[in-house]
Amino acid sequence: MPAWITRLQPYERHLSALAMVGGFIFDNFAFGRLEHPATQIAIAGYLLGAALTIAIQHYFEARAERAGQAFRWRAYVSAATQFALGGLWSAFLIFYSRSAAIIVSWPFLIVLASLLIANEYLREYHSRLVFTTTLFFIALFTYMTFLVPIAAGTINEKTYLLSGVISIAVFVVYLLVLTVLGRKRMWNQFGRLVASAGGALLFLNVFYFLNLLPPIPLALSDAGVYHRVWKTDGSYYATGEQQPWRSRFGFPRLVHVEPGKPLYFFSAVYAPIALKTRIVHDWQFFDSAQGRWVSKSKIAFPIRGGRDNGYRGYSMKANLIPGEWRVDVDTVDGRVIGRILFKVVFSAHPPDTRTFTLQ
């Protein structure tokens, strides 16, 4: 073995972490539209790379164990696996971050971050096989949850369930391949592996049915509360109050309203080409007496994909009362695409407004 490789062996854990960070940095610059062929090729390539490197490491570790030796290239094959998985997590996080629903989906993002941190402490091969194979299943399932809607041209509970069926089928075939490559080692870990993957599947389904899993491939491109919205010659315009910069980061907006006047909510939802579905504007008021958000009005309308800045639409709410409000942009099955918070304050005089061109 070359001397420079021997000198790098004590830094195995750091090499793995560096490889994963490298995947994040590269993908932040590389990814474009979700349905673009180059994006799909890159994600599929990372998924295939993870599958191959996990299988290669498993095969050579099993062979080395039978010979009573250590697999000399373990650190570097593991780093390649980490790079592929890092590319997948970065791709998923990039598309999640393009949605304004981070305020809702933050538990899932925390789990992803926890997986990355935990990976640095799982150095034993048996644990790494179970862990990386489970990560591969999570990545496969996550990929299918937005690949299937793109292929089907719609997104709903049926496409999610179909994504799960396809993921499980592919994963079972992959486990059979791993068994052929190293039967004894695989059977030693089979129970833990199935339990781990089953737990991940349960976890993802709980997140989905609690509406905590972001509805990729949909993403909120733009949204706002205005005093008036209208469409002229294919363009949308609005009159509204100038909001401080911090409102772009989820902080509540202050909206002054004359009693009896309505407000308008505008949204632009990105969807891949050929995807058609319906979204809902759910106007909610915080009832301080009940200590919870109460839905006051739900307006649903169809959208279709293909526009870079998202499919545009708006709704109106009359009979407003002062207090804390929010509008959730939801899928028809209740998952939050985005959310805008604002506070209504009654004003005896018309508020100062300006005209906006909505993209």
Side-chain angles (χ1 to χ4, degrees), residues 96-106 155 210-216 218-231 236-271 277-288 290-303 309-347 351 353 356-359:
Y96 290 150
S97 66
R98 291 177 183 176
S99 169
I102 293 176
I103 191 172
V104 177
S105 62
W106 62 266
I155 178 171
L210 289 179
N211 298 325
L212 297 176
L213 197 66
I216 285 179
L218 302 179
L220 191 65
S221 300
D222 188 22
V225 181
Y226 301 97
H227 293 275
R228 184 189 171 204
V229 176
W230 70 96
K231 181 181 180 182
Y236 283 79
Y237 303 92
T239 56
E241 299 173 61
Q242 185 69 46
Q243 297 294 333
W245 62 269
R246 63 179 179 273
S247 65
R248 294 180 176 271
F249 298 94
F251 288 89
R253 310 171 185 208
L254 188 63
V255 183
H256 299 84
V257 181
E258 294 180 86
K261 295 290 185 179
L263 285 178
Y264 293 74
F265 182 79
F266 170 86
S267 69
V269 176
Y270 167 81
T277 188
R278 294 176 66 83
I279 65 168
V280 179
H281 285 180
D282 185 4
W283 292 74
Q284 301 177 18
F285 175 76
F286 185 76
D287 190 326
S288 56
Q290 301 183 51
R292 64 185 183 91
W293 292 95
V294 178
S295 181
K296 293 294 186 179
S297 181
K298 291 185 178 182
I299 300 96
F301 56 90
I303 67 169
N309 293 325
Y311 189 91
R312 298 166 294 181
Y314 64 92
S315 60
M316 183 191 74
K317 180 72 178 78
N319 302 317
L320 294 158
I321 54 178
E324 305 291 337
W325 286 81
R326 71 184 186 188
V327 178
D328 282 356
V329 183
D330 297 341
T331 60
V332 289
D333 57 356
R335 288 190 289 163
V336 180
I337 305 170
R339 171 178 293 167
I340 297 296
L341 300 164
F342 59 99
K343 183 177 182 179
V344 171
V345 176
F346 274 177
S347 173
T353 61
F356 300 88
T357 300
L358 304 176
Q359 299 299 319

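Values below: every heavy atom of this structure, side chains too, minus hydrogens, waters and symmetry copies. Bear in mind that the values here come from a model prediction, so they are computed numbers and not experimental data.
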For [X] and [Y], work out which heavy atoms get closest and say how close.
X      : Y      : answer
Ile155 : Ile216 : CD1-O, 3.7 Å
Trp283 : Leu263 : CH2-O, 3.7 Å
His281 : Gly313 : CE1-O, 4.0 Å
Ser297 : Ile299 : OG-CD1, 3.2 Å
Val336 : Pro215 : O-CD, 3.4 Å
His227 : Gly240 : CD2-CA, 3.9 Å

**Request:** Kindly write out the residues that satisfy ring pair (Phe, Tyr, Trp, His ring centres under 6.0 Å) with Tyr226, not counting sequence neighbours, or none if the list is empty.
**Result:** Phe356
**Message:** Holding to ring pair (Phe, Tyr, Trp, His ring centres under 6.0 Å), I want the full list of residues that pass it with Phe346, two or more places apart in sequence or in another chain.
**Reply:** none
Qualifying residues under side-chain hydrogen bond (donor to acceptor under 3.5 Å, both in side chains), relative to [X], sequence neighbours excluded:
X      : value
Gln242 : Arg354
Ser295 : Asp282
Asp333 : Tyr208, Thr331

**Item:** Val345: side-chain contact (heavy atoms from CB on, under 4.5 Å) partners, not counting sequence neighbours
**Value:** Leu254, His256, Lys343
**Prompt:** Excluding sequence neighbours, so at least two apart, what forms side-chain contact (heavy atoms from CB on, under 4.5 Å) with Tyr236?
**Reply:** Val229, Lys231, Phe266, Arg312, Tyr314, Leu358
Calculate, to the nearest 0.5 Å, the distance between atoms [atom1] and [atom2] belonging to [X] and [Y] respectively.
X      : Y      : atom1 : atom2 : value
Lys298 : Asp330 : NZ    : CG    : 7.0 Å
Ser221 : Tyr311 : OG    : OH    : 14.0 Å
Leu220 : Tyr270 : CG    : OH    : 14.0 Å
Thr277 : Ile337 : OG1   : CD1   : 7.5 Å

**Item:** Phe265 side chain reached by Val329 side chain, heavy atoms, under 4.5 Å
**Value:** yes
Cut-off 3.5 Å, no hydrogens considered: what does the side-chain donor-acceptor table look like for residues 316-326, sequence neighbours left out?
unit_1	atom_1	unit_2	atom_2	d
Trp325	NE1	Ile321	O	2.9
Arg326	NE	Gln284	OE1	2.8
Arg326	NH2	Gln284	OE1	2.9

